[in-house]
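Read the structure below first, then the notes.
Atoms within a ligand are numbered from 1 in the order they appear, just like the ligands themselves. Numbers here are sequence positions counted from 1.
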Amino acid sequence: MEEQATVENVIIEEKISKSNGDVIIKRYQRGKTLGKGGFARCYEITEIDTKKILAAKIIQKNTLTRNRARQKLISEIKIHKSLHQINIVQFIHVFEDHDNVYIILELCTNQTLNELIKRRRRITQLEVQCYILQLVNALKYLHQNKIIHRDLKLGNLFLNDKMEIKLGDFGLATKLDFDGEKKKTICGTPNYIAPEILDGKIGHSYEVDIWSLGVIIYTLLIGKPPFETQDVKTTYKKIKACQYTFPDHVVISDNAKNLITKMLVLDPSKRPTLDQILQHPFMTSNSIPKTAHISTLVGPPTMSWLSQYQSTQSSSSQQKRLADTAPQQLMKVISQDRVSLLNDAQTQNNFMKDSRASSQKLVDMRATQQSAKTLPTGITNNMNNKTFKIQRNEIFVKKWVDYSSKYGLGYLLNNGSSGVYFNDSSKIIADPKQTYFEYIEKQSDNQQYEVNSYSLTDYPKDLQKKVTLLEHFRGYLDTDSIDKEVIDQSDDNKIPMVYVKKWMKTKHAVMFRLSNKVVQVDFTDKTIIILNSDTKSVTYINKKGEKQNFPLSTALESQNHEMTKRLKYTKEILQHMLQGTQAQVINTQLTLTNWNQK
Ligand SMILES: Nc1ncnc2c1ncn2[C@@H]1O[C@H](COP(=O)(O)OP(=O)(O)OP(=O)(O)O)[C@@H](O)[C@H]1O
């Protein structure tokens with residue numbers, strides 16, 4: 001077995017010795033890197049004969065010099081090899097050569113829940129239920145086979161192309177010889193580790209997985225782990241004291257709180273069993289989809305998807321109450337579910353593939369959704385009270401889809417208008433009620449922009465393709481998230497409509513220049529800068545979705561360094577945008593100074 005390496009084309013060869021002495025060679029083509037762990041590097045590989053695409057975890061033997069590392073790998077292989085369950089990453093094969101050990105696994109194309117949470121920040125209860133149901137199934141199988149995983153965390157929960165959960169990484173797993181056995185090894189990942197493991201004296205068993213599962217549910221719903229602090233020591237102190245709270249600014253159901261509270265208890269014997277978790281109202285008050293929708297990789301689910309699974313049965317009065325309030329709670333949760341920009345080429349590619357597979361037309365979706373708490377200046381958002389009044393200068397981009405690889409940028413504004421910035425620099429913008437649209441195009445003779453209004457039912461034939469694309473984009477950008485009250489009020493902003501005049505993308509951010517003289521920059525780390533020329537102010541929305549306003553004149557001197565760094569970066573991109581033509585700007589991946597390092 002040896003690797004014939006060239007930079008682009010690495011073939012991995014497995015020499016298989018047959019009992020009659022013949023040697024056959026099986027070849028794999030190494031593809032892109034999927035990720036890197038403490039010991040292993042993982043690649044996509046293609047089995048050349050069968051064209052099967054798989055994952056290969058490659059461990060360099062020279063990293064296994066210590067006996068403990070070798071034993072750990074042997075144990076991982078032994079345990080993982082024995083497992084066959086739909087929600088566990090399928091172990092396919094293992095072989096070695098002089099330099100490496102190769103573990104061939106089922107390929108999970110959609111990364112892990114860790115990356116999902118980085119993009120989405122937090123997810124809706126229905127998605128959590130769906131993931132937990134699958135994970136509990138995997139755990140039931142493990143525990144029935146006397147195996148404790150001991151490293152349950154978002155980063156070990158993979159998603160395959162069908163959005164099925166696949167539990168992976170059995171590096172810390174252990175098999176008990178008998179059910180009452182207690183393990184004493186200290187292992188796990190700081191945020192998810194159970195208190196009895198830290199204690200070390202009393203020993204631990206299956207219940208450590210229940211604790212970590214509680215941490216996972218909390219993290220998915222709230223957006224950060226319950227015991228997270230700046231340093232590991234303090235985190236361990238908090239875990240040992242079971243000291244955590246539910247933040248006020250995130251609305252989660254009483255059932256979710258109740259289940260988490262029952263799972264995160266110091267006494268392992270008091271934690272619910274896997275069956276008790278499945279029977280808890282959190283898991284029974286509504287029907288749960290088998291898998292989450294592919295679009296939820298990058299944005300919150302649509303209301304139409306959510307509504308299919310609203311409360312069905314309600315055996316107890318408590319469940320009945322939840323059934324009555326569930327849609328409202330979901331609404332709140334969704335509105336707080338800010339979606340970050342996708343910065344990871346790998347996911348974009350996967351998403352593209354998946355989108356094609358599920359015959360969705362638009363790819364490379366990137367969406368931002370403002371949370372209810374973070375609407376910029378002057379917008380009062382009150383779900384029960386129709387007091388919306390959006391001034392023209394308060395309009396900004398609420399969601400967007402980058403399909404510039406083919407057509408352009410589709411977007412949805414917070415007033416309900418939808419538009420497209422086409423690759424040929426023409427623009428189209430439709431009113432929220434979808435009755436008419438404006439088409440903005442440069443005249444060929446004098447290079448001036450010309451704005452024409454048409455009814456959506458009667459317009460020139462040569463605009464048909466663009467109008468169809470607009471409708472596709474709008475359909476994709478789930479307009480349900482725009483509050484109806486806002487749409488009703490938006491007639492005030494009728495003519496001329498606000499639209500995206502220019503946009504550009506860098507490694508760290510996407511910038512929009514709107515026709516209301518607003519400049520908006522959505523950073524990949526979920527922070528947003530909005531410059532308002534009318535009010536001469538800067539709105540900064542931090543990672544938590546909290547909004548702060550600054551007068552433009554003094555903003556750069558502000559003590560909020562997070563904001564000033566991004567403001568400087570904004571100024572830099574703005575200069576590029578003002579200098580370049582749109583075509584140049586789009587085609588250039590600007591290598592600007594990294595605002596992080598400034
Ligand atoms: N089956 C798979 N399909 C797709 N990607 C995978 C698969 N297995 C692992 N990866 C990717 O490879 C990375 C490293 O894998 P893994 O975490 O198993 O390695 P490790 O060295 O055991 O890591 P750790 O330090 O977390 O124990 C993962 O974070 C993930 O991005």
For [X], take its heavy atoms, then give the atoms of ligand 1 lying under 4.0 Å from any of them.
| X | result |
| --- | --- |
| A55 | 1 (N), 2 (C), 3 (N) |
| G37 | 14 (C), 19 (O), 20 (P), 21 (O), 23 (O), 25 (O) |
| K57 | 16 (P), 18 (O), 19 (O), 22 (O) |

Among L54, N114, L73, L34, closest by any non-hydrogen atom to atom 31 (O) of ligand 1:
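Looking at heavy atoms only, the winner is L34.
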If you compare C42, G168, A40 by their heavy atoms, the one closest to atom 8 (N) of ligand 1 turns out to be C42
For a quick check under 3.5 Å, do S295 and H293 share a side-chain donor-acceptor pair by atom type? yes
So is there a nitrogen or oxygen of [X] less than 3.5 Å from a nitrogen or oxygen in ligand 1?
| X | answer |
| --- | --- |
| D169 | yes |
| N156 | no |
| V89 | no |
| L107 | no |

At under 4.0 Å between heavy atoms, which part of [X] makes contact with ligand 1: side chain, backbone, both or neither?
| X | answer |
| --- | --- |
| C108 | both |
| K36 | backbone |
| E106 | backbone |

*Determine, for K140 against D275, whether the closest basic-nitrogen to carboxylate-oxygen distance falls under 4.0 angstrom.*
yes
| said: Quick check on the 6.0 Å ring-centre criterion: do F523 and Y569 meet it? | reply: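 Yes: the rings meet the under 6.0 Å criterion.
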Worksheet item: Taking the six-membered ring for Trp, is the centroid-to-centroid distance between Y28 and F95 below 6.0 Å?
Response: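 Close enough - the centres of the two rings lie under 6.0 Å apart.
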Let me have the donor-acceptor pairs involving side chains of residues 48-56, under 3.5 Å, with sequence neighbours excluded, atom names and distances please.
{"residue": "T50", "atom": "OG1", "partner": "E47", "partner atom": "OE1", "Å": "2.5"}
{"residue": "T50", "atom": "OG1", "partner": "K52", "partner atom": "N", "Å": "3.3"}

Please set out all donor-acceptor pairs under 3.5 angstrom arising from side-chain atoms of residues 214-229, sequence neighbours excluded.
{"residue": "Y218", "atom": "OH", "partner": "T245", "partner atom": "O", "Å": "2.6"}
{"residue": "T219", "atom": "OG1", "partner": "V215", "partner atom": "O", "Å": "2.6"}
{"residue": "T229", "atom": "OG1", "partner": "D231", "partner atom": "N", "Å": "3.4"}
{"residue": "T229", "atom": "OG1", "partner": "D231", "partner atom": "O", "Å": "2.8"}
{"residue": "T229", "atom": "OG1", "partner": "T235", "partner atom": "N", "Å": "3.2"}
{"residue": "T229", "atom": "OG1", "partner": "T235", "partner atom": "OG1", "Å": "2.8"}

Compute both the distance and the angle, then confirm whether K257 meets the cation-pi test with F246: under 6.0 Å from the six-membered ring centre, within 45 degrees of the axis. yes
Donor-acceptor pair, side chain of R120 and main chain of L297, under 3.5 angstrom: no
